[in-house]
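A short write-up of the structure that comes next.
We count ligands from 1, going down the list as the structure has it; atoms in each ligand are counted the same way.
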Amino acid sequence: MGSALLEGLANTHEFELIGKNPINPRVSDLSDKLSFTLVHSIAELIKLSPNFVILTTPASITMDIVSELTDLDTNSIIISAVAGHSYEEYHQALPNHQIVRCIPNIPVSVNQGTTSLFIPENISDSSREEILDLLNKLGETILVKEEQLSIVGTIGGCSPAFVDVFLDALADSGVLEGLQRKLANKLAASMVNGAATLALKSGKEPSLLKDQVCSPGGTTIKGVVSLEKNGFRNAVIEAVKAANHN
Ligand SMILES: NC(=O)C1=CN([C@@H]2O[C@H](COP(=O)(O)OP(=O)(O)OC[C@H]3O[C@@H](n4cnc5c(N)ncnc54)[C@H](OP(=O)(O)O)[C@@H]3O)[C@@H](O)[C@H]2O)C=CC1
Ligand SMILES: O=C(O)[C@@H]1CCC=N1
C-alpha cells in the first residue's frame, strides 16, 4: 500500500516525498525510480518535520511505530491507512497530534483510487482542507464515520482484488475460446473500466444498466441467468462479509 501511495503522489510532481522503511533493496529501487528520500529510522523522519506522515505498516507493528512518533512536530498531520486500530488508540498514544484514519486502495498508484476517510472532530478546518487536498490527488475521497470505515474500507480497499479475480476469470474464458492472453486481459480490463465509468457518469442503478445490455431473448440474459444459477451475487456478498468480519 505504501508503494502505491508513493507512486500516486509522485505522479503529481507536487510533493517532496520521504519513505521510511527497514533496509530493503525493493524500497531502495523504488526510491531511485520515484526520486524520494529514503530514511531508515523514525528519528531521521522526525528531523525532517514532514507536513504529513502516512502510516502503511502491518497492524501488528503499527502501535509500536506510533509510540516512537511522540517527538514528531505537532503540526505534522498523521494519516493512518492501517486497518485494525481505532482512532482512540492513536489518540491515546499521541494525544497532542492530529490523526485521521483512512482506507485507500491500490488504484491510488494511478490516481484513480477510492479512499474512505474518517476525520475526527478535533481536526482544524485548515488541516481538514490540507488532508482532503492531498487525498483527492489520489482519486476519490469518501468521508465516513469511524464505525463505517470497516465496511466502506472493505468494499473500497479489498474489492480491487475481487475485481482482479473477475478480470482473470474473464480473460481465462477468452483464452479458452482461443484468444491470446494479452488481448483477453486488455479486453476484460477495458470493459470493466468502461462499465464502471458509465455507472459513475450516468448515476444509474447497476440493475438498470444491466437491463440495458440484456436484449429480450438475447445472449446476455442467458449469461446473467447462468451467473445467478452459479451463485455469483451470493459469492460477492459472502466475500465482502468474510473480509469485513475477520
Ligand atoms: N494492500 C492494500 O490494498 C491495503 C492495505 N492497507 C493497510 O496497509 C498496511 C500494509 O498493508 P500491505 O501494504 O498490504 O502490506 P505489506 O506487508 O505489503 O506492506 C507492509 C510494509 O510495511 C513495511 N514495514 C515493516 N516494518 C516496518 C517498519 N518498522 N517501519 C516501516 N515500514 C515497515 C514493510 O517493509 P518490507 O517490504 O521491507 O517488509 C512493507 O513495505 C496494512 O495495515 C493494511 O491494513 C489499507 C488499505 C488497502
Ligand atoms: O487485506 C488487507 O488486510 C488490507 C486492508 C484493506 C485492503 N487490504
Side-chain angles (χ1 to χ4, degrees), residues 1-10 17-34 36-48 50 52-72 76 78-87 89-90 93-94 99-118 131 134-135 138-144 146-167 236 238-246:
M1 190 67 242
S3 313
L5 286 164
L6 282 163
E7 279 178 44
L9 292 171
L17 300 171
I18 307 163
K20 147 77 179 80
N21 195 265
I23 294 169
N24 177 330
R26 184 182 56 78
V27 183
S28 311
D29 289 350
L30 191 69
S31 121
D32 291 341
K33 183 180 147 205
L34 303 179
F36 63 80
T37 306
L38 185 57
V39 297
H40 300 300
S41 74
I42 298 278
E44 283 175 272
L45 179 72
I46 289 174
K47 266 195 213 144
L48 294 169
F52 296 96
V53 172
I54 307 182
L55 298 171
T56 58
T57 37
S60 56
I61 60 164
T62 294
M63 293 323 288
D64 291 338
I65 288 174
V66 166
S67 68
E68 288 182 57
L69 289 172
T70 41
D71 291 335
L72 178 72
S76 298
I78 301 172
I79 301 180
S80 172
V82 176
H85 289 292
S86 67
Y87 168 72
E89 287 174 82
Y90 296 108
L94 298 172
I99 304 157
V100 301
R101 288 186 61 202
C102 73
I103 301 292
N105 65 6
I106 291 294
V108 294
S109 63
V110 289
N111 307 83
Q112 298 268 346
T114 307
T115 300
S116 27
L117 172 67
F118 165 64
I131 296 162
L134 175 87
L135 293 178
L138 296 167
E140 184 100 24
T141 311
I142 299 177
L143 284 165
V144 295
E146 189 173 28
E147 60 268 27
Q148 295 172 315
L149 202 53
S150 174
I151 181 61
V152 178
T154 299
I155 295 174
C158 303
S159 301
F162 307 159
V163 171
D164 291 333
V165 173
F166 177 61
L167 291 179
V236 173
E238 287 298 324
V240 172
K241 263 200 320 207
N244 192 37
H245 299 287
N246 52 33

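Checking T62 against T57 by side-chain atom types alone, a donor-acceptor pair falls below 3.5 Å.
Near G157, meaning under 4.0 Å from any of its heavy atoms, are these atoms of ligand 2: 7 (C).
The protein atom (non-hydrogen) at minimum distance from atom 4 (C) of ligand 2 is C158 SG, 5.0 Å. The nearest protein atom to atom 5 (C) of ligand 2, hydrogens excluded, is given as A83 CB, 4.2 Å; this is a heavy-atom distance.
How far CE of M1 is from CG of L5: 4.0 Å, rounded to the nearest 0.5 Å.
The shortest distance between side-chain heavy atoms of H40 and P22 does not fall below 4.5 Å. Residues F52 and I131 have side chains in contact (heavy-atom distance under 4.5 Å, counting atoms from C-beta outward).
In this structure, H85 contributes its side chain and A59 its backbone to a donor-acceptor pair below 3.5 Å.
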Write 'none' if nothing qualifies; otherwise put on separate lines each N/O atom of ligand 1 with a protein N/O atom under 3.5 Å away and their distance to 0.1 Å.
| from | atom 1 | to | atom 2 | distance (Å) |
| --- | --- | --- | --- | --- |
| ligand 1 | 13 (O) | M1 | N | 2.7 |
| ligand 1 | 30 (N) | K20 | NZ | 3.0 |
| ligand 1 | 35 (O) | N21 | ND2 | 3.1 |
| ligand 1 | 37 (O) | N24 | ND2 | 3.1 |
| ligand 1 | 37 (O) | R26 | NH2 | 2.5 |
| ligand 1 | 38 (O) | N21 | OD1 | 3.2 |
| ligand 1 | 38 (O) | N24 | ND2 | 2.5 |
| ligand 1 | 41 (O) | R26 | NH2 | 3.3 |
| ligand 1 | 43 (O) | T57 | O | 2.7 |
| ligand 1 | 45 (O) | A83 | N | 3.1 |

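With V66 as reference, L55 is the one residue of L72, I61, L55, V82 to meet the side-chain contact (heavy atoms from CB on, under 4.5 Å) rule.
The pair E44-K47 does not count as a salt bridge, with every side-chain nitrogen at least 4.0 angstrom from each carboxylate oxygen.
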